[in-house]
A.B. asks: 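Next up is a structure, given as structure tokens.
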Amino acid sequence: MKKSKFTSLLAVIILILLVATGCSSGNSAATTTGTGTSGADKTTSGKLDKVTLQLKWLPQSQFMGYYVAQAKGYYKDAGIDIEILPGGSDIIPEQQVYNGVANIGVTWDSSLMKYQSKGWGLVQVGQIFQKSAMLLVSKASSGINSPKDLKGKKVGSWFGGNEYEIYALLEANGLNKDTDLKMVQQDYTMNQLLKDEIDATSAMTYNEYGLLLESGLKESDLHVLNMNDAGVAMLEDCLFVNSDWIAKNEDLYVRFLKASIKGWAEACANPEAAGKVVFDVDQSVSLAHQVYMAKEVAKLVVPKDFDPAKIGYMDMAAIQQTADLALKYGLLSKPAVISENTFTSKYWTKATAK
Amino acid sequence: MKSKVITILWPLAFGIALILAWQFGLFHKVLDLKPFQLPVPSEIASTLAANLPKALKDCGVTISGALVGMIIGSLMGFMIAAIATFFPKWGYGGMIVVTALNAVPIVALSPIMNLWFSTGMEQKIAVVTVVCMAAMAINGYSGLNNINPYSIDLMHSVAASEWTIFKKLRFPNSLPYIFTASKINIASSIIAAIISEYFAASTSGLGFGIKDNLRKAEMAMGWSYIVVASLAGVILYCVILLVERDALKWHASQK
Amino acid sequence: MSVAIGKREQRIVAIVWVIGIIVVWELASFLLKYVIQDPMASAKLPYPHIVAMTFVENWKILLEAGLVTFSRAAIGFALGSSVGILLAVLMSLSKTMERIAFPYLIVSQMIPVLGLAPIIFNIVRDMNVSRIMIAAYITFFPVAVNMLSGLKSVEQEKKDLLFSIASSKFKVYQKLMLPFSMSYLFTGLKIAAPMAVTASILVDMLGSKSGIGVKILYSLYSNSSNIFWASVLTSAFMGIISFYVVVFAERLCLPWQKATPRKEGVRA
Amino acid sequence: MNAPEIQIKNVSMVYPVNNGQDIVALTDVNLDIQEGEFISLLGPSGCGKTTLLRIIADLNQPTAGSVAIRGQSPRDIRMQRKYGIVFQNPVLYDWRTVRRNICMPMEIMGIPKKERTARINRVLELVGLQDFGDKYPFELSGGMQQRVGIARALALDPEFLFMDEPFSALDEFTREKLNEDLLSIWSKAKKTVIFVTHNIPESVFLSDRVVVLSPHPGRISAIVDINLPRPRENSIRETPEFYEYVTKIRRSFEGV
């Protein structure tokens, strides 16, 4: 009796300690988020402006520009106390930004158009990726050498808005997405392709394609359909904000964009270092994979023949193509409105002005 | 009779008041939401009506997976409980293992089952099976063993075999516990099926519908799926209650 | 329970079980890899010794993540239980209240709240508050139902005794109803505690930066199956520990409970 | 004779039943009880004796008639906390030790702590449980538990003591022992006691008057004065007078 009383007392004490540590760790997480590692602490006196950035996915080199800018203290130099929120399968950046959980979000253009068309007051204010990273990858053995060969195959997508480039690719090649082949939901690993449960899988150049290579397959074992080559590319990672917020915080956003561009430029110039910076934030994947990703992402942000000074540039023709494809393949029910109120490059112009 | 009517009327009135408050924007005002963030009931209803065949088909996929999984899981759980009863010394360890399995979160279970099974349906059934097994094993074990010692003495006095005791005494005694477990499992099987569909290699089912539509800003459609999922759960729960009422006429809880 | 075996023997049985499971698992992994020659064997069912090694190598990270999740679970558990107790007391105070609330309590369990995170974020607009609310939502039900069943099980004579000395409603609850329901409450808490851990793991996945759920999620997406399995095992351990924490708390709080406490729970 | 302490006038009690055949528990009961009297309500199950006690204690409301206790309603008496009650079961709170069980009503009544301790010590001694104060109910035998229930009622130092078949669940030996103890306690405290029982020797042994009730519908069929000398000890059960009273009351049932 006495002994069990003692152990239970111990258990209660442990429980209380756990709660206490939980609370304190919560606090410390909040305070350490904005740490700049380099000593660039020459901010003007006065408080930093708090800015929260909502990523579309987990912390990884896909977002290396922001992490580099954070690590090098570029945001701090711009008078910004940045907090970077990781995404996840249940995190929808458009909703987070509209609700005010975050000030600025990263999402794909087509997805943003959808929200805008439903009445959400969001505006696109910068285009980070100039190219589509979406691939359809199959094993060379399955003989899918052109989009037409997808007929009768099982094709994976993540859905939730990620399926429209594939729809466009199919239709451009005279295939019906419902009758000519089977579309299935794929998870966030490449296991279904490796296990031959699907014939072709969606893959991002910078992430999943790398996973396939890391799993032991060689480039020669794989066949790739690239959306850019097929002329059905839709724009991906862009920056957007709530229209009400930007009306009051124009200067703050321009400062943010300027610092971010600086971070991106540095990251793209030295992806190895950028991969390391991201790895220091989150060690869930190997350093090698982060570096691989950083190199691939650099190709999307600064494609061949693209002036690095123009990072974040909004190519209205590419945005229009994204809108047209989204309308044609059913994501949008009416044409996207592309105007100063929905897609505006004026902040980018200010941020890049000498 | 009068009290029965009241039992139904009060919650019904409350529900109608809730829906009206929702419809006429009270929630939107209090929570400062726009209709495109939180669709009103009439919009959900019309969206559901327009997409009824698809919603029902998806509902069928999810519910059939949930039911098959629940039946398999419940049978396995009860078998474990029975084995633990027949071999008390060694069998009880099996119960602890099942309980531990129950502590594995569904979100971790789904991807594991995705590896083991190739189709969405198999994966869903496997997840639901594991989720339902524990509740049935634990409750079944209680029912098979929480027995008045005199009843067992009576059985021994007529030299009944262990099997006879199981058939005539332990099993009937466990029925109320089995129904308790079934009521728990109805809710958890549907939720498990829906969660498993978030990860499944399939584009049908309520879980896929909820997730896909909520991501794509089709809030009304997403809510339609939520409504269908909840309704299906409530209906199945009522079915279990009815079966229980007929099967357990002798039990005090039914009076 | 009619099983009359000694403590020592119990311990031996437990040890045999643990060893047995490890051996069978080891064997199954071997069969999968070399006999069936499944290319995904290491992801489907990795060797337990490899998982154990991963565990040892990463114990610090896992423990840290586990503690974060566990403490969040404790907060969600505390809040959910409080709401559950409050609801039960309200329902026991008024028959009308019970009539209105009880059906909706059951309906609430049919709503797949796990999938509604985006909607809840929309409504609450604060990630931390949303996370706590989701965890509390998942845990309140077994507490409410068991507590209510406890409050309704108080014998009439016990209430008569207090009535006979003209005690106030408040005193009746303070001196009789609440202490009487304690053992029922603990049954509910024992069910809710592992659920709180599961909920907390889930809540980790909603854009959190730390916690065992984050480990599960990230290792899943990055295909590092050893870490994934080690994290899953950690979460299973946490569920079991949370259960026994409540069992210990019950022993501490209810010393009058004899060796045979109530076994069956009322969960639905 | 003084004005009766408790006056029961034309009390009837009808329980409505769904099928329309209402159950008549009591019909037109009249009874006067004097101050300091030990009175037993005796009868087979279903005769309404417990119902009558509960009406006097304000735990049930009669459908007709009235009860006056010192000219006040039972509700007033209850609100003034003037009676103590002992139920068929000990009705102990499992989570409280013997002392704290006895203490519980006094806590509610706001009796100061010092006074409570003194009273607990006194009644524990009275019921012979002075060594068991710190035990939990589950550690006591049935007879001991019942004694705690009595001690709890006595600790209130009530002006009336209502007892509803307090010993019916006990074996014969324990019952006789407790009967004797009860009388010795009563002789010291001199409360007005209403004692419900279905045991004829018990009622004869304890009471000044035995009120015999008969069922269907519940009513008073006889009132028997017991003129045995006090103080009474168990040996009185062996006397012919005792036997005579028992026989007389038993006959009164057969006459029904």
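Residue numbers start from 1 in every chain, and the chains themselves are labelled A, B, ... in the order their sequence lines are given, proteins ahead of strands.
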A.B. asks: Strictly by side-chain hydrogen bond (donor to acceptor under 3.5 Å, both in side chains), give each pair with a member in residues 150-160 of chain D just once, sequence neighbours left out.
C.D. replies: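 Listed once each, the pairs are D/Arg70-D/Glu159, D/Asp157-D/Lys191.
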A.B. asks: Taking side chain as everything from C-beta outward and backbone as N, CA, C, O, which of these in D/Asn89 sits under 4.5 Å from a heavy atom of chain C? Side chain, backbone, both or neither.
C.D. replies: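 Its backbone and side chain both get close to chain C.
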A.B. asks: Are D/Glu172 and D/Lys177 ion-paired here, with the side-chain N under 4.0 Å from a carboxylate O?
C.D. replies: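 D/Lys177 and D/Glu172: not salt-bridged.
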A.B. asks: Among the options D/Phe162, D/Tyr83, D/Trp95, pick out the one with the most heavy-atom pairs lying under 4.5 Å from chain C.
C.D. replies: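 Of the options given, most contacts go to D/Trp95.
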A.B. asks: Of the backbone (N, CA, C, O) and the side chain (C-beta and beyond), which part of D/Met109 lies under 4.5 Å from a heavy atom of chain C, both, or neither?
C.D. replies: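 The answer is the side chain of D/Met109.
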A.B. asks: Side chain of D/Gln146, backbone of D/Pro166: donor and acceptor closer than 3.5 Å?
C.D. replies: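 Yes, the answer is positive, given that a donor and an acceptor are paired below the 3.5 Å cut-off.
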A.B. asks: Under 4.5 Å from any heavy atom of chain C, what part of D/Glu139 do you find: side chain, backbone, both or neither?
C.D. replies: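 It is neither, since no heavy atom gets under 4.5 Å.
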A.B. asks: Under a 4.0 Å threshold between the charged nitrogen and the carboxylate oxygen, would D/Arg54 count as salt-bridged to C/Asp160?
C.D. replies: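 A salt bridge is present here (some side-chain N lies under 4.0 Å from a carboxylate O).
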A.B. asks: Mark yes or no for whether D/Asn101, through its side chain, and D/Tyr93, through its backbone, hold a donor-acceptor pair below 3.5 Å.
C.D. replies: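 Indeed, once roles are kept as given, a pair shorter than 3.5 Å links the two residues.
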A.B. asks: For C/Val246, which residues count as a side-chain contact (heavy atoms from CB on, under 4.5 Å) partner, sequence neighbours excluded?
C.D. replies: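 Per chain and number, C/Val246 pairs via side-chain contact (heavy atoms from CB on, under 4.5 Å) with C/Phe77, C/Phe186, C/Leu189, C/Lys190, C/Ala193.
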A.B. asks: What part of D/Leu92 gets within 4.5 angstrom of chain C, counting heavy atoms only: side chain, backbone, both, or neither?
C.D. replies: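 The backbone, not the side chain.
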A.B. asks: If I measure from the heavy atoms of chain D, does C/Glu157 come under 4.5 Å with its side chain, its backbone, both, or neither?
C.D. replies: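 Contact with chain D is through both the backbone and side chain of C/Glu157.
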A.B. asks: In terms of heavy-atom pairs under 4.5 Å with chain C, which of D/Ile85, D/Asp164, D/Ile108, D/Leu156 leads?
C.D. replies: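 Greatest number of close heavy-atom pairs with chain C: D/Ile108.
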A.B. asks: Between D/Arg96 and chain C, which part of the residue has a heavy atom less than 4.5 Å away: side chain, backbone, both or neither?
C.D. replies: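 Contact with chain C involves the side chain of D/Arg96 alone.
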